[in-house]
Structure formats: structure tokens, C-alpha cells
Amino acid sequence: MMAIQQKALGHVRYVLKDGLKFLPLYGWYFSQHGGIYVKRSAKFNEKAMREKLQCQVKAGTKMYLVIFPEGTRYNPDIPKVIVDSQAFAMKEGLPVLKHVLTPRVKATHVAIDAMQNHLDAVYDVTVAYEGTTNQEGQRKEAPSMTEFLCKECPRIHIVFERVDVKDIPKEQIFMRRWLHERFEIKDKLLSEFYEATDPEQRNKFPGEGRPAKLSLKRTVPSLLLLTGVTAGMLYTETGRKIYINTWIYGTLIGCLWVSIKS
């Protein structure tokens with residue numbers, strides 16, 4: 001949403017978990033568009049990630065690089081993930097977090113280190129959803145796109161904070177502490193959002209916010225184009241064959257290409 005408002009949607013790149021490279025067509029597309037696939041824990045390939053980022057830097061690519069340091073979604077319906085995350089924090093002597101998972105620093109450190117002469121800031125983004133607590137006040141899973149569009153989640157609340165890259169420690173051990181402190185701030189924000197004793201303060205972030213609206217002219221044309229092209233192909237027998245073969249063979253070739261390039 002931030003990228004669209006700054007007319008920079010085509011400049012967004014993602015750090016993605018490795019399994020997503022096998023998504024039909026999209027796995028190949030993300031890779032070609034500058035996305036970086038990473039494996040977790042001991043299988044993390046620092047060299048491969050660093051080389052891909054340095055290629056982007058040398059090419060002078062303007063981009064937002066999006067990283068999810070938690071590594072997976074926070075889902076109250078899967079308590080084992082939350083318990084394991086909290087146990088890891090305790091083991092490492094870090095404050096235990098309630099509403100977010102313990103962040104892992106490797107990918108963040110490699111990204112900032114590899115791009116330090118290319119970056120001016122890191123944007124810390126915290127997201128919360130209305131209508132995602134039960135009658136006992138316990139959090140539920142974040143809404144799906146369908147649930148959001150059907151207004152089961154009336155609003156999404158987002159906090160942006162800009163952190164100058166000069167204020168981020170360069171050494172991994174110190175960056176790890178810094179990153180955890182950022183997540184402690186997130187945890188406090190989310191605690192106030194979901195658990196405020198004053199009902200008037202619940203489902204709100206502190207401070208004064210403003211609605212972020214996306215005009216129809218920025219979203220409808222691309223929807224109509226995609227719908228029109230897809231419907232046009234599916235209308236004829238030849239088009240349907242091309243459509244199906246593109247998905248099947250495109251997926252197979254794309255998976256092979258991404259696996260080789262990785």
C-alpha cells in the first residue's frame with residue numbers, strides 16, 4: 001500500500017521462504033523479479049542471498065526489500081509455533097514476546113550489510129486487524145483476503161516507523177539485540193491494540209492516524225485487463241489449450257530454472 005501511494009509498486013522485492021519457489025508460474029516470476037528465496041535455520045545460504053542482493057546494488061535497482069524476520073505467520077490456532085518461539089527467546093536470554101514471534105536476524109543482517117551503501121532507511125511496519133478477537137478477548141487468526149473483503153475485518157491498522165540506516169548496528173550480535181527491541185515495541189503496540197482495558201482504546205494504535213485510500217483508477221484498470229485477457233483466452237478452444245499448457249509447462253520449466261539458479 002505504501003509503494004502504491006508512492007508510485008513504486010514495481011520496485012517491491014521480497015525475501016521469501018524457499019518452498020514458495022514451486023508456486024505455479026509465480027515462483028519463477030518472483031525469482032526473475034528479484035525475489036530472494038531463503039531456507040530457515042542451518043540451511044540458510046548467506047552467500048547466495050548476498051550475491052543476489054549485490055547484483056541488484058550493482059545494477060542500481062531502486063527497490064523496497066520486504067523481510068519478515070519472524071519467518072512464519074503468528075497464528076493463535078497453532079500454539080506450538082508460539083510456544084517454540086517463546087522457548088527460543090528464553091533460551092537466548094531475550095524478553096519473551098506475546099503477540100509476535102521471536103525475530104531471526106540472519107536474513108536482515110545480510111540484507112542491510114550487503115546493501116548498506118544503497119540504503120538510506122529501514123521502515124518498521126506493524127499491522128493489526130479489527131474483528132480478530134473472540135468473546136473472551138483472545139486473538140484469532142488474521143483474516144484471509146475473502147474475510148477482509150466481506151468486512152469480517154472492518155479495518156486494517158498499520159504503523160510505519162522510519163529508522164535511519166545509520167542508527168542500526170552493523171555487527172550481527174548487536175543487530176540481533178536491536179531487532180529484538182524493535183519487536184518488543186511491536187509487542188507493546190499490539191498488546192495495547194488487542195488488550196486495552198478501556199474499550200474506547202481497543203482496536204486502535206496510539207496517536208492520531210489517517211485513512212489510506214486507494215482510488216479506483218489505480219486498481220480497476222489492472223483488474224479489467226487481467227479479467228479480459230483471461231476470459232478471452234478461455235472463450236475459445238485454442239485459447240483454453242494455450243492457457244492450460246502455459247500453466248503446466250510454464251510451471252515445470254519455471255521450477256527447474258529457479259532450482260538451477262538457486
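Few gaps surround CZ on Phe160; more than 12 heavy atoms of other groups in view lie less than 6.0 Å from it. In the displayed structure, Leu223 atom CG is contacted under 6.0 Å by more than 12 heavy atoms of other residues, nucleotides or ligands. Counted within 6.0 Å of CD on Glu92, heavy atoms from surrounding residues, nucleotides or ligands total more than 12; the atom is thus considered enclosed. At most 12 heavy atoms of other shown residues, nucleotides or ligands fall within 6.0 angstrom of atom CZ in Arg155. Surrounding CD of Glu171 are at most 12 heavy atoms belonging to other residues, nucleotides or ligands under 6.0 Å away. Heavy atoms from other residues, nucleotides or ligands lying under 6.0 Å from CZ of Phe174 number 12 at most. Enclosure of atom OH in Tyr14 is not indicated, since only 12 or fewer non-hydrogen atoms of other residues, nucleotides or ligands lie within 6.0 angstrom. Within 6.0 Å of atom OH in Tyr29, 12 or fewer heavy atoms from other residues, nucleotides or ligands are found, so the atom counts as exposed in its surroundings.
By the 4.5 Å heavy-atom criterion applied to side chains, Pro76 and Gln138 are not counted as neighbours. Put simply, the side chain of Pro143 does not reach to within 4.5 Å of the side chain of Ile156, judged on heavy atoms. Between Leu190 and Phe205 there is a side-chain heavy-atom pair separated by less than 4.5 Å. Residues Glu161 and Thr126 have side chains not in contact (no heavy-atom distance under 4.5 Å, counting atoms from C-beta outward). Using a 4.5 Å cut-off on side-chain heavy atoms (C-beta onward), Asp120 and Arg162 make contact. Looking only at side-chain heavy atoms (C-beta outward), Thr102 and His180 come within less than 4.5 Å of each other.
At least one donor-acceptor pair closer than 3.5 Å links the side chain of His109 to the backbone N or O of Lys170. With hydrogens and angles ignored, the 3.5 Å screen pairs a side-chain donor or acceptor of His118 with a backbone N or O of Thr61. Between the side chain of Arg13 and the backbone N or O of Leu65, no donor-acceptor pair lies under 3.5 Å. Side-chain atoms of Lys52 do not come within 3.5 Å of backbone N or O of Tyr37 as any donor-acceptor pair. Panel note: side chain Asn245, backbone Lys241; a donor-acceptor pair is recorded below 3.5 Å. For Thr132 (side chain) and Ala142 (main-chain N/O), no donor-acceptor pair under 3.5 Å exists by modelled atom type. In this structure, Thr251 contributes its side chain and Trp247 its backbone to a donor-acceptor pair below 3.5 Å.
Smallest separation of non-hydrogen atoms from Pro95 and Ala89: O-CB, 4.0 Å. Between Glu147 and Ser144, the closest heavy-atom pair is OE1-N, 2.8 Å. Looking at every heavy atom in both residues, Gly239 comes nearest to Thr236 through N-OG1, 3.0 Å. Shown here for Leu119 and Ile112, the closest heavy-atom pair between the two residues is CD1-CA, 4.1 Å. Here the shortest heavy-atom pairing between Thr230 and Leu226 reads OG1-O, 2.8 Å. Considering every non-hydrogen atom in both Met233 and Ile242, the closest pair reads CE-CG2, 3.6 Å.
For the atom pair CD (Glu51) and CG (Leu53), the distance works out to 10.5 Å, reported to the nearest 0.5 Å. Rounding to the nearest 0.5 Å gives a distance of 8.5 Å between CZ of Arg182 and CD1 of Ile168. Taking CG of Leu97 as the start and NZ of Lys188 as the end, the distance is 14.0 Å to the nearest 0.5 Å. Atoms CD1 and OH, on Ile158 and Tyr129 in that order, are 8.0 Å from each other to the nearest 0.5 Å. Separating the CZ atom in Phe183 from the CD atom in Glu70 is a distance of 4.5 Å, to the nearest 0.5 Å. With rounding to the nearest 0.5 angstrom, the CG atom of Leu23 is 12.0 Å from the NZ atom of Lys21.
Partners of Ile82 according to the side chain to side chain contact (heavy atoms under 4.5 Å, CB included) rule, which considers only residues two or more places apart in sequence or in another chain, are Tyr74, Gln86, Leu101.
For Glu181 and Arg177, the salt-bridge test passes: some basic side-chain N is under 4.0 Å from an acidic carboxylate O. For Lys98 and Glu195, the salt-bridge test passes: some basic side-chain N is under 4.0 Å from an acidic carboxylate O.
Using a 30° and 60° split on the angle between ring planes, Tyr194 and His99 fall in the parallel class, below 30°. Using the six-membered ring where Trp is involved, His157 and Phe193 have ring planes that are perpendicular, over 60° apart on the 30 and 60° scheme. Using bins of under 30°, 30° to 60° and over 60° for the plane-to-plane angle, the ring pair Tyr26/Phe30 lands in the tilted bin.
By the rule that hydrophobic residues join a cluster once side-chain heavy atoms approach within less than 4.5 Å of another member, Ile185 and Val96 end up as members of separate clusters. Hydrophobic clustering places Val105 together with Phe44 (ILVMFWY residues linked when any side-chain heavy atoms are closer than 4.5 Å, directly or through intermediates). No continuous path of ILVMFWY side-chain contacts below 4.5 Å connects Phe22 to Leu16, so the two sit in separate hydrophobic clusters. The cluster map of Ile, Leu, Val, Met, Phe, Trp and Tyr, joined by side-chain heavy atoms under 4.5 Å apart, puts Val127 and Val163 in the same cluster. Under a hydrophobic-cluster definition in which Ile, Leu, Val, Met, Phe, Trp and Tyr are linked whenever side-chain heavy atoms come within less than 4.5 Å, directly or via other members, Tyr123 and Ile67 are assigned to the same cluster.
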side-chain contact (heavy atoms from CB on, under 4.5 Å), that's the test. Do Met115 and Val165 meet it? Break it down for me. CA-CA 10 Å; Met115 302 173 65; Val165 74; over 6 Å; no
Full working for side-chain contact (heavy atoms from CB on, under 4.5 Å) between Arg73 and Ile78: CA-CA 10 Å; Arg73 292 184 303 147; Ile78 310 178; 6.0 Å; no
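Across Asp113, Asn45, Ile36, a single residue satisfies side-chain contact (heavy atoms from CB on, under 4.5 Å) together with Arg50, and that is Asp113. Of the residues Ile248, Val229, Leu234, the one that meets the side-chain contact (heavy atoms from CB on, under 4.5 Å) test with Tyr243 is Leu234.
Taking the centre and axis of the six-membered ring of Phe88, the NZ or CZ atom of Lys91 falls outside the cone set by 45° and 6.0 Å.
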